[in-house]
Amino acid sequence: MDVTPILDGLNDAQRQAVTAAAEPMLVLAGAGSGKTRVLVHRIAWLIEVERVSPLGILAVTFTNKASAEMRARIETLLNMPVGNLWVGTFHGLAHRLLRRHYQEAQLPQGFQIIDSDDQLRIIKRMIKGLELDETAWVPREVQYFINAQKDEGRRAANMDDRGDYSRAQMIKLYQSYQDICERSGLVDFAELLLRAHELWLKNPDILGHYQRRFQHVLVDEFQDTNTIQYAWLRVLTGKTGIPFAVGDDDQSIYGWRGARGENMQRLQTDFPGISLIKLEQNYRSTANILNAANAVIDNNAGRLGKKLWTDDNEGDPIRIYNAYNERDEAEFITARIQDWVAQGNARADIAILYRSNAQSRVFEEAFFQNSVPYRVYGGLRFFERAEIKDAMGYLRLIQNRDDDASFERIINLPTRGIGAATITIIRDCARANATPMWHAALSSAGGQLSARAANAVQTFLALIEKIDEDTQGLDLHEQVNRTINQSGLIAHYKKEKGERGEARIENLDELVTAAEGFEPDDAELELPPLMAFLAHAALEAGDDQADKWEDCVQMMTLHSAKGLEFPLVFMAGVEEGLFPHKRSINDPSGLEEERRLCYVGITRAMQQLYISHAEQRRMWGSETYAQASRFINEIPAELVEDIRPKIAVSPPAFNSSNRQAVRRPNAATRSDAPIKLGQRVSHAKFGEGVVMNYEGAGPHARVQVNFEYEGMKWLVMSYAKLELL
Ligand code: ATP
Ligand code: MG
């Protein structure tokens, strides 16, 4: 047996973990130290050397993408397929178990999984059915309550109301929601985990079977397990199972969703003899990147304490870009990407990481304009998000009453008592008379609607007419703003609890910003602004996102970047209020979680890291002036290169007809500056334009020129041969 492939490329500590005897093991180590690699090699070792059947191994990863990769890497190491190895996410594995043992789990064979939107709809209907007041029993709060209980493993029947009336009512609602799900054979996400846990507890035979079978239980990203996940693992391992967990307390970033970093300590209490292995060498990043990450995370108290080192060379400094505003930031990054690609590198090696999904829009626009293929991971592209489509539905219908798709999308959103039956009648009537649904609705479907339904429908039609009337003649962004407010969408989403509801509001505000900065293409110039904007949005929502196989820039939130690595990383919007998020600034534990997120971000970078922050940012519908994030200041100065010295930066001036930032000429001149901002220049091919920006010195100095006919371009001074006008 040749174990060389399994042991090659492992250091001593890693080898020790991979080849350990069958005993509980916790690998506690910082980012990029090879935890995931150890896990993969451990599985290969168990199969190849210890002769454990792949059937006897259970591996838990954090995302589906990670589990597919893990399986592929094991197969490469072993040079054979391991189709019968169970590797997946907690939800995926729980689902698999429940399908197999649906009877013991007391589920119908064809049980259906519902997502969070479906769940909310059920809760709303239930509240209505119970004739409760929706303002007192807000559906989204009820949903949040139910899921939080399930994440902690609590059933309504076992809960104590502590003599509190409102809690007692919540528990009742939890129970009736659960009754509905049971009756209809529905399982929500949190229920998957809870049910799978109960499957163990209620069925000793089944539990015994899996305990005997899964001798080895391996878990990646252990620091982000929640209570019910830990309980499920704990029961499965029982007295004989051998846990092998890898994790990093410094990368615990899902506390807000119930993850319990303290599960790391708990594992050590539950398995007193557990071997603890620490890995200290980082293989991912240059010394500068790693030292920056170490320095930042050092500001957190109460860490388990690890020191990471690398024998990689220093590498490039971390480049900090102080942008004027979010567009400048996007343009800067686009130019860097183009340089990288021009040097023969792959776009897939580039990641753009941001704190908030709403930040992606400005990049999407810049990439679209510059034909840079990109892909947004974990989260929909801006114009595909549900709340944006809802808002667009109103705008479309206002523009065009015959738009049936929009009509159907929003007629009962927010809920206004127009049920599916009413909509069917209207649709049938429209079809019978070959008219748009709007017309059918006007006549209350030729009088077929009940008085109550007809009334609700007429109110809706009047609302659309009223919004149309009220927004006539307004500037486009005001039109959008009024519409989303008058439609009730903002109020509707405000009721949604937690991060998700906030994100929706932020996205709606961002739509107003998009409208404000909107400039029609040539083809759209002739259209009224709203119509041009709608056309633009439809194209954006189309498929200009790169195909799967295409080499494209990777865009994602910092949260979804966990576990991944990229040669070139941009962390964008690293500003106080955005990152750390304003919600966490005054909350010490929230702030520490943000800092861990920053640590995760920095440690994704292998060779080059750019961190950018904008002085002025138009986002979420308003203009903010922000300072560089404290996290930037926590990076030692000797590791950093400021791309544009702060003294050279001045706030942008706006002219009112065009909200694009226009820099004040003369405001930012440097003594050694090759050229002045605001200088008019002429280029042999592109014609005349104005210098908007510049960077670097000597032969590499570059200027950004806004050409009258060709738009913005970055040019290398020594080649561009610009003529000063
Ligand atoms: P994270 O905390 O971000 O999840 P990790 O600890 O899981 O990181 P890995 O992703 O396993 O780290 O490894 C980081 C990088 O270092 C990978 O590219 C991996 O292939 C490489 N690597 C790990 N160990 C070694 C080694 N002994 N020799 C060379 N390269 C290694
Ligand atoms: Mg990992």
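Order of listing sets the numbers, starting from 1, for every ligand and every atom in it. All figures in this text were calculated on a predicted structure; none of them were measured in a lab.
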Closest non-hydrogen atom pair, A20 against R42: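 Result for this residue pair: O-NH1, 2.8 Å.
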Closest approach of I632 to V574 (non-hydrogen atoms, all atoms of both residues): CD1-O, 3.6 Å
Which ligand 1 atoms does [X] reach within 4.0 Å, using its non-hydrogen atoms?
X: R604; result: 3 (O)
X: G30; result: 6 (O)
X: G34; result: 5 (P), 6 (O), 9 (P), 11 (O), 12 (O), 13 (O), 23 (C)

Any nitrogen or oxygen of [X], side chain or backbone, less than 3.5 Å from one on ligand 1?
X: D248; answer: no
X: G32; answer: yes
X: R73; answer: no
X: L564; answer: no
X: G563; answer: no

F222 and F244 aromatic centres sub-6.0 Å: no
Could you check whether [X] makes a cation-pi contact with [Y], meaning its NZ or CZ is under 6.0 Å from the centre of the six-membered ring and within 45° of the ring axis?
X: R15; Y: W45; answer: no
X: R284; Y: F566; answer: no
X: R336; Y: F332; answer: yes
X: R96; Y: W86; answer: yes

Check whether any heavy atom of [X] sits under 4.0 Å from an atom of ligand 1.
X: S33; value: yes
X: K562; value: no
X: L10; value: yes
X: N11; value: yes

Carboxylate-amine/guanidinium proximity below 4.0 Å for E221 and K562: yes
Residue, atom name and distance, where the atom is the protein heavy atom closest to atom 10 (O) of ligand 1: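 Closest protein heavy atom to atom 10 (O) of ligand 1: R284 NH2, 3.0 Å.
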Nearest non-hydrogen protein atom, atom 29 (C) of ligand 1: Y283 CD2, 3.5 Å
